[in-house]
There are 2 protein chains.
Amino acid sequence: MQNHITPQKTAPLSITLTDRLFDSLQRAIVEGEIASGSKISEPELARQYRVSRGSLREAIGRLEARKLVERKPNLGARVVTLSYEQLIEIFQVREALEGMAARLAAQNMSDQEISELQTLLTEHGQQIEEQQGQAYFQKQGDLDFHYRIVQGSKNRQLIGLLCNDLYHLLRMYRYQFGMRSKRSQQAYNEHHFLLNAIVARDAEMAELLMRQHIRSSQRNVEGVFLNLNSEL
Amino acid sequence: MQNHITPQKTAPLSITLTDRLFDSLQRAIVEGEIASGSKISEPELARQYRVSRGSLREAIGRLEARKLVERKPNLGARVVTLSYEQLIEIFQVREALEGMAARLAAQNMSDQEISELQTLLTEHGQQIEEQQGQAYFQKQGDLDFHYRIVQGSKNRQLIGLLCNDLYHLLRMYRYQFGMRSKRSQQAYNEHHFLLNAIVARDAEMAELLMRQHIRSSQRNVEGVFLNLNSEL
DNA sequence: AAACCCAAAAGTGTCGACACTATTTTATTT
DNA sequence: AAATAAAATAGTGTCGACACTTTTGGGTTT
């Protein structure tokens, strides 16, 4: 029984409701709209999003798989609570995975992709000179750069782990702790070294430099946290 | 408000149906009971397991998150098809993650845990001498050893990624391709070297040895596949 | 007033039914 | 008979309802 009054068949965007719900919720959680550590009430959220509980539960299930919420049987789901310890854990995993990604990228990126990455990095350099202090673009730029290298690894397991699982958690930390680093110039330099290694197809060196880069970023975060604590 | 009459509070057997379903399906898929690459019919499976489709769908959702099945909107879910390329990808991720795990384990394992691991390894050595060729126990032993080191890293992100995501996929390959390695003696030696590094609390060396160990295992698998192809 | 118990309310887990989409089968045209 | 179109079938996506569990609130006892 096809309804011949609905001509919007043109949009095979049959993206499922659960998908959209998942995206919305993920964004809301990452950006702190739904407070970290808060309990998630299924009936309430279902009303709020005008959606049945069934679909909502499937979306929450995915959020759980991405470690954005924790669920206990018969008790419900809570948004994860961020901790300094967990952030360090994430940095350690990133160091391992992105180090490998850089190694593989040095082997597997196409010349085309590499030259695009060079262009991107040049733009970043200009932005840093022009607008000193505006950390917003830098953060985005940093993410872009890392993102491309991960893609360049051509390892789909790796890509999935980093882009689907870890990066969202990391973005959540950035939003909620508002980490504004003053090391954009330093980070830019490190990106440059790393890219040089990739251009030279030096996999070993690429991994080394990526790991140093991430450790450096980690130390920066550690410093911020120490300062924060000393201010209390 | 302690209830001194209900001591069985210790056993919260309220494990949800979806949980059990997920476990059953995961086992069935990993062990090949549900053929790799085959389509999953929700109504059929629901009848088979005497369960409603709703619960089944939640379980399938989790399987998807663990990359054991792939789902396309309105088309349904299929068990992932294993490929040589994907197996190599998994080895690369393992090398990165378990390398880091070994590094952290060298720093964070308790003396108690280390000595237990030494005991375990000694048992493995005896088993190898006693029953040459019985690769079953060796495989299990290898998994035990790696499992403990990952736990020893004390990094919950890392533990989750390896034990919940990757290891099941890896077990699936083992079941379906029946990889029986003839290098149990070699693997045992490598485990021993690695453990020595951990005993010495040499994190750098532990990571290096773990990575070599996994690469060695990877080369073994590559060899098996090449032989397989030359036999066709 | 604090601790305990019990009933009411709210929340989660599970189910069956309906709506819409994709596939297969049947019917029609050339 | 092959190709196309239409109808029937099967499958997935979404929903509302019921069952069971946990929490809440009020009433009783010490």
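Sequence lines set the chain letters: A, B, ... in the order given, protein chains first and strands last, and positions in each chain run from 1.
- In this structure, A:Leu158 and A:Ser153 approach most closely via the heavy-atom pair CD2-OG, 3.9 Å.
- By the 6.0 Å contact criterion, OH on A:Tyr49 is enclosed, its count of non-hydrogen atoms from other residues, nucleotides or ligands being greater than 12.
- Separating the CD atom in B:Glu222 from the CG atom in B:Leu87 is a distance of 9.0 Å, to the nearest 0.5 Å.
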Between A:Gln157 and B:Lys67, is a side-chain contact (heavy atoms from CB on, under 4.5 Å) present by the stated rule, with each step listed?
CA-CA 9 Å; A:Gln157 297 289 326; B:Lys67 300 184 195 313; 4.0 Å; yes
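- Remark: B:Arg27 engages B:Glu33 in a salt bridge, criterion side-chain N to carboxylate O under 4.0 Å.
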Reading nucleotides 9-16 of chain C 5' to 3', which nucleotides get B (base under 4.0 Å from a protein heavy atom), which S (sugar-phosphate only), which -?
--SBBBB-
